[in-house]
Amino acid sequence: MLKISKSRLGELFDAVAAKQTLYIPTDREPGAAEYKKYESGMELTKELNTVRSAKDFFFPQTENLADFRIDGKNIEVRDIREECGDFVVFGVRACDARSFTILDKVFLCEPVDSFYKNRRDHGTVVTMACSRPAETCFCQTFGIDPTSPEGDAACFDDGESIFFKANTEKGQAFIDSIASLLEEGDTAKLDEVNAKTKEIMAKLPLAKLSTGNFGGDKLNEYFNSDKWAELSEACLGCGTCTFVCPTCQCYDIRDFNTGHGIKRFRCWDSCMYSDFTKMAHGNPRLTQLERFRQRFMHKLVYFPANNNGEFGCVGCGRCLAKCPISMNIVKVMKALEEK
Amino acid sequence: MQRIGVFVCHCGTNIAATVDVKAVAEALGHEPGVVISQDYQYMCSESGQELVKSAIREQKLTGVVICSCSPRMHENTFRKAAASAGLNPYLVEIANIREQCSWIHKDIATATDKAIILGKAAVAKVHLNTPLSSMESPVVKRALVIGGGIAGIQTALDIAEAGFDVDIVEKQPTIGGKMAQIDKTFPTLDCAACILTPKMVEASQNEHITIHSFSEVADVKGFVGNFTVKIKKKARYVDETKCTGCGLCTEKCPMKKVPNEFNMGLDNRSAVYIPFAQAVPKVATIDPNYCMMLRSGKCGVCSKVCSAGAIDYKQQDTFIEQKYGAIVVATGFNPINLDKYDEFAYNQCPDVVTSLELERLMNAAGPNGGTLLRPSDKSHPHTIVFVQCVGSRCDDEKGKPYCSKICCMYTAKHAMLIREKYPDTEVYVFYIDVRTPGKNFDEFYRRAVEQYNVHYIKGMVGKVTPKSDGKIDVQASDLLANEQLHIDADMVVLAAAIEPDKTARPLATMLTTQMDTNDFFTEAHPKLRPVESATAGIFLSGACQGPKDIPETVAQGSAAAAKAIGLLCKNSITCNPCVAHSDELMCNGCSSCEKVCPYGAITYIDKEFRMPDRTTKVRRVASVNPAVCQGCGACTVACPSGAMDLSGFSNSQIMAEVDAICK
Amino acid sequence: MQVNENFEPVIVAFCCNWCSYAGADLSGTNRLNYPTNVKIIRVPCSCRVNPMFILRAFQKGADGVIICGCHPGDCHYTSGNYFTRRRITLLYSMLDFLGIERNRTRLEWVSAAEGAKFAATMEQFTADVKALGPNRRLEDLRCRKQ
Amino acid sequence: MQEAMIKRAKELLADGSVDRVIGWKRGEFAYDITPAVFTSAEELEHDFVFDDFTAANVSKYLVKETAKEGKILAFLKPCDTYSFNQLIKEHRIDREKVYVVGIPGGPKLDIEKIKAKGITGVLSVKNEDYTLKIETLYGEETMPFSEAVLDKCASCKSKKHVAYDELIGEDGDVLESNRFDMVEKLENMTAQERFDFWRGQLSKCIRCNACRNVCPACTCENCVFDNPKSGIDNKAAADSFEENMFHIIRAFHVAGRCTDCGECSRVCPQHIPLHLLNRKFIKDINELYGEYQAGADTTSRAPLTDYTKDDCEPSVVHERGVE
């Protein structure tokens, strides 16, 4: 396998950044990493994952869809779409890498979301295998192997070097573009690291969590479960879980009056919000219980029902860490399973 | 879809000279929702209004924007015009392109740009205007007159004449005010008391008039048609209902060394006193600062001699509360304090007196029984110098910037009276200008100069110095002769500036009326609404609004009465519909709004709501009484949830204006 | 600081109907000049001015916001301007805390009789805002004029 | 303490004094504790927890809970009682329907501070004489207790319960805290430095509304930011202005009402020190209008619905500190 010594990672980043925009996860403050546009000298975080997920690159929190220029009574519609530049996202974890597959199912099915597709086409995802999973990790529940992440190209850290493997043509092109910096390397140590990681994986507190009791056919079983009342009782109705979630893909479209026109933009929305999918007649989900239920039913039942059994969760554990009241999908799954 | 009409007024050249009105009309015609945009010479004229009315009818307008003078000027005119054409009057907005644009800017291009922006803001606002309908609020058929001088008396008599009850609140023990202290009046030289006291008696005997003497207004609540006033009746230690005004107590009172304020402190009165013979009510008052019984508990003479048993040493201040439909302010004036005028030796020399003191010195009921004598040695003065504009028309901090208006005339009167009665007395008047506008005023002044040989000298007195021989050296300049003069005077009379009574300022706060920088009450319009304050239901009578002589005061007193009567005649008045309202669905019932409401217009009710989950829930929510709310909007900002909003000045309307101005 | 001579700030003035708006009218009646940059919004009382109006003005392109009301004690509604004073003091202090230039905001008491003060205040405020240059710290880039 | 609380809750449930109990429920890990309502002795014994991680302020839940039938027992820490009082004052809680048991306050621990030390894979956290023994997937770690204390507890303003029906344990005192230190530090910066500081902080905001939704002062039936009629509603900060706008307006709306419970900063997933905005208002109010502690009582007039005739002018802002 091709590899580069970790001490030369900066050189590699510089080389990539010279050709296209490069984003890497870096420390914002102790314990909190975020993706940032690479600038020379920037260091890769030692954190397992970023606070916000990598979905921002393809599905940003806000984005303009159209402009309307208003001059008196005249309204002119402006198509503001433009081809985005090529970019590389480096260091994506296996969970987030899988989230793109889920988002693709939403945005790339007909009608194709051209804004999303544009960025998917131009973005290369370079993943990084995990070696220190956290107690909140449960990606294996969804069949994800963090030691062998998806993405256009995957990287592996054996402590001394970073190894590269292409998963797609785009990934291969990426590796080719940096080939001059890479050298062939021995993966023996890497195999050892991976084996150790797998050992830890088996010992994770959530290792036994399974999707076995969930899926598209469980609608009737869970929809009217009396557990929802208790589970949703403490829910604040904030959007933290949704906004740190790599797979939540709901958005709202709004108009903003700039004074000289209208900017039509979309922004993330959360099914936890009281005004989510609010229509002229009011809100279809009237209480927090129904809104809370929506989020988890969507991930565990509705999404697999519509997507060949694929769940709408990748087990990244962000909601476990960030929910202000520590209510999350794991607790929901466990409670629902209790008969 | 909105159909908005824009009407741009030229105001002759007032607007059109600096604002390209055609361009404004043209630009605003392009605004969304605007279906007609016109300009016209005088929008407020009958034909201008007709233009608006026919456009409302023909174009089926849903909103009207008038670009014209200040809304304070003609908003009502255009609202009425709209109403007569069938459009709700509150769908009219004014863009002020005169006072706030054409009159302050010179460059046509920038002024036009600004006028367009102001017009756009008004268009943006009118898009969000909603039809408002006014509530009716009943009118309490009773008026309050604050101040019992000639202004207040006249106002009260006129209101009573129309058949309405009226109360006079007077802080002194008697009504009469300054006029009661005046000897003769100009330009007719008739006796002030002779014309005033019958009116005082008339007031006291009128069945519709209640006089609260020795009383003050303590608190005012409410609004036009429905004021609630708390009146403090100060303890006078005499039971008004029992006292017959016989005056025995004042004769027998052993404490006789009290400066007599009615005679400007030029003589003394007793501790229990009736200010003057014709006082109304003719009731004794005990001065607690001097009464030995009240101070030390030793005396009680008055109580012993009073056969009516009216003396009550234990009397306390009492408060009465009364509702009124209208309030007339007639708090009058005082001469300014002359402590700061050492150059005139007012505090150093007893023979330097103010004009009001001179009135008392010359009055038959005054300290000298009407013989003019020097206060210092009771000798007859042979040379009297009058100094005009003491503290009036003054640039510095000591005085007042305005002309006190009455001094020229009363000085001519004084000079004439002295020369008439004491032809051996030389009278000099130092003046800056002699101002005599008024019926028979200039003739009067000329008589003083020509017939009575009063020496009028244009020039200011620089220094007044008492001399050891009892004479007073008056150093002055004669501006016309361009020479310095020294006059050996026996008396100097200072025409002190007049200022509003000190009680006016706190009263204005209670009444929520405006005052100018000199503490004169501000009228609603300097020309067109001179006797009304900007606060509905509060009227102005006499010198509290500005310096006035007696005929003007009486005229204004009657005018204020007419305005008050006009209000009291109505059974109800139309309330301002621009009031707060609370969206119950959003209200939290937190009580923040109630705490900032100055009118107590907000109460809370428990209301049952149907909840989203089809259950019902009782919630505490705010409820605004639209008849009590005056529309300040304090509650709208105190409300965190935005449940409280203000009709006519809603959040969305104001933000639309902000947006239009900023874009 | 570099002052752009051509910079014409947008200034929003909220004036209470009873004192300051009348004061503004008076400065017009007396033909007292002040810069065209100032555009007045009439509100019943200074206490009607919600902090969100002020922020909204900055968002939509204002470079300065001034609130004018009756002098304390003279409020047509008795107490409105006292509440204004507290609210606006705290708001301005907060804006200052966030690093927004102090001279972009002002509160001034202008009576109906103070036409000259109104004009002078607007003259000074406009000059102060001009010296600061365009509002960059509290603007919404989407609203910037193209 | 936990045992005493469970015992008392069971007694009060058993004798019918209360119908429900609000407290905290243990989670999957050592630290992921959820506020919860308990209705039976079994639930209490099984799930009720009170430990170093039970920081959540449960006062706000009482708005919802007291709208229901029956009486609820609320375990309130000293800081929670201030929020409780403030909600009583604003008529948001029906006092009759709550039985308040005052319990000792913190300091409570912040798992994020432990993780910031690079301690990951946390399985259990034990406090042994103010040293934390942390068992992880990667072995045992230790760190001083003090370094893992929640910010809100590190600048605790009061150990005194201002509202309770009974106390478990001793009542404490109002403390001299250092809570305004950071505000003061910011005040002493230049405007540009302050601007840069806040831009750096507020640009992290993801508008998840956790701060607002956890805030005991934010109990509006419909928040202005969710209400299209308010004119300032927005769901995401599409421009840095909107990041500022949301936090300024929110701080302003709770000014004079915020008890400084610190929940906003505790729950912020992006670690924005939002409490500094609230504390700035509190500090200003204290300095300009006299000491005022929201929630200290249920009757005093809030500073923003009050005034004195000789209040300072806003120009005081210009006269203080540096620009």
Side-chain angles (χ1 to χ4, degrees), chain C residues 1 46-47 49-62 65-67 69 71-75 78-109 128 132 135-144, chain D residues 183 186-187 189-199 201-202 224 230-232 237-242 244-249 251-253 255-256 276-281 283-285 287-289 303-323:
Chain C
M1 191 193 301
S46 58
C47 71
V49 179
N50 195 312
M52 69 189 189
F53 302 161
I54 298 165
L55 296 182
R56 174 78 157 223
F58 284 122
Q59 175 180 32
K60 295 297 171 100
V65 176
I66 180 165
I67 300 168
H71 284 267
D74 290 353
C75 177
T78 329
S79 54
N81 52 5
Y82 288 124
F83 292 117
T84 308
R85 186 159 62 180
R86 282 206 171 183
R87 290 167 183 166
I88 299 303
T89 300
L90 290 179
L91 178 77
Y92 286 178
S93 178
M94 176 54 72
L95 293 179
D96 177 56
F97 189 60
L98 291 170
I100 312 303
E101 304 94 331
R102 292 171 179 179
N103 282 345
R104 287 204 192 279
T105 50
R106 191 161 301 173
L107 175 73
E108 205 67 56
W109 311 122
D128 290 350
L132 287 175
N135 164 34
R136 290 289 175 253
R137 292 184 185 171
L138 202 53
E139 76 167 338
D140 191 320
L141 275 172
R142 297 169 296 177
C143 302
R144 197 186 274 193
Chain D
V183 174
L186 281 162
E187 285 171 345
M189 290 180 177
T190 65
Q192 184 66 51
E193 286 167 340
R194 281 196 298 271
F195 179 74
D196 293 341
F197 172 84
W198 281 112
R199 208 71 294 290
Q201 291 296 342
L202 296 180
V224 289
S230 75
I232 57 165
D239 186 274
S240 62
F241 173 84
E242 288 182 331
N244 292 335
M245 169 92 161
F246 175 75
H247 293 290
I248 296 171
I249 294 289
F252 189 82
H253 278 182
L276 292 177
L277 297 174
N278 302 324
R279 279 197 187 152
K280 168 64 178 167
F281 275 134
K283 183 168 181 280
D284 275 352
I285 287 167
E287 287 172 1
L288 301 175
Y289 310 123
L304 274 170
T305 56
D306 200 6
Y307 64 85
T308 67
K309 289 182 176 171
D310 43 18
D311 279 345
C312 61
E313 296 290 330
S315 54
V316 72
V317 176
H318 294 247
E319 290 145 17
R320 299 184 305 191
V322 279
E323 161 103 47

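Reckoned from all heavy atoms, side chains included, excluding hydrogens, waters and symmetry mates. Below, chains carry the letters A, B, ... as their sequence lines are ordered, and counting in each starts from 1.
- Here the closest non-hydrogen pair linking D:Phe281 and C:Leu91 is CE2-N, 4.4 Å.
- Heavy atoms only, all atoms of each residue included: C:Tyr92 and D:Val317 are closest at O-CG1, 3.9 Å.
- For the pair D:Leu304 and C:Phe83, the tightest heavy-atom approach, listed with the atom from each and the gap, is O-CD2, 3.9 Å.
- With rounding to the nearest 0.5 angstrom, the CD atom of C:Glu108 is 8.5 Å from the OG atom of D:Ser315.
- Between atom CZ of residue D:Arg279 and atom CZ of residue C:Phe97 there is a gap of 10.5 Å, rounded to the nearest 0.5 Å.
- In this structure, chain C has heavy atoms under 4.5 Å from both the backbone and the side chain of D:Asp306.
- With values rounded to the nearest 0.5 angstrom, C:Glu139 atom CD is found 11.5 Å from D:Asn244 atom CG.
- C:Leu55 contributes atom CG, which lies 13.5 Å from atom CZ of D:Phe246 (distance to the nearest 0.5 angstrom).
- Between D:Glu313 and C:Trp109 the shortest side-chain heavy-atom distance falls below 4.5 Å.
- For D:Asp311, the side chain to side chain donor-acceptor pair (under 3.5 Å) criterion is met by C:Arg86, D:Thr308, not counting sequence neighbours.
- Among D:Val316, D:Leu202, D:Ile232, D:Leu288, the residue with the largest count of heavy-atom pairs under 4.5 Å with chain C is D:Ile232.
- One distance of note links CG of C:Leu138 with CZ of D:Phe195; it measures 8.0 Å at 0.5 Å rounding.
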Set out, in order, the CA-CA distance, both residues' side-chain angles and the distance that settles side chain to side chain contact (heavy atoms under 4.5 Å, CB included) for D:Tyr289 and C:Leu90, then state yes or no.
CA-CA 11 Å; D:Tyr289 310 123; C:Leu90 290 179; 4.1 Å; yes

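- Proximity to chain C (any heavy atom under 4.5 Å) is shown, for D:Gln201, by neither the backbone nor the side chain.
- Heavy-atom distances place both the backbone and the side chain of D:Val183 under 4.5 Å from chain C.
- With a 4.5 Å cut-off on non-hydrogen atoms, D:Ile248 touches chain C through its side chain but not through its backbone.
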Can you list the steps and then say if C:Leu141 with D:Phe241 is a side chain to side chain contact (heavy atoms under 4.5 Å, CB included)?
CA-CA 8 Å; C:Leu141 275 172; D:Phe241 173 84; over 6 Å; no

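- The two atoms that bring C:Ile88 and D:Pro314 nearest to each other are CG2-CG, 4.4 Å, heavy atoms only.
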Would D:Glu242 and C:Arg142 count as a side chain to side chain contact (heavy atoms under 4.5 Å, CB included) here? Give the steps.
CA-CA 11 Å; D:Glu242 288 182 331; C:Arg142 297 169 296 177; 3.1 Å; yes

Set out, in order, the CA-CA distance, both residues' side-chain angles and the distance that settles side chain to side chain contact (heavy atoms under 4.5 Å, CB included) for D:Arg194 and C:Asp96, then state yes or no.
CA-CA 9 Å; D:Arg194 281 196 298 271; C:Asp96 177 56; 3.1 Å; yes

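- Closest approach of C:Thr105 to D:His318, counting heavy atoms only: O-NE2, 4.2 Å.
- Closest non-hydrogen pair, D:Lys309 versus C:Arg85, comes out as O-NH2, 2.9 Å.
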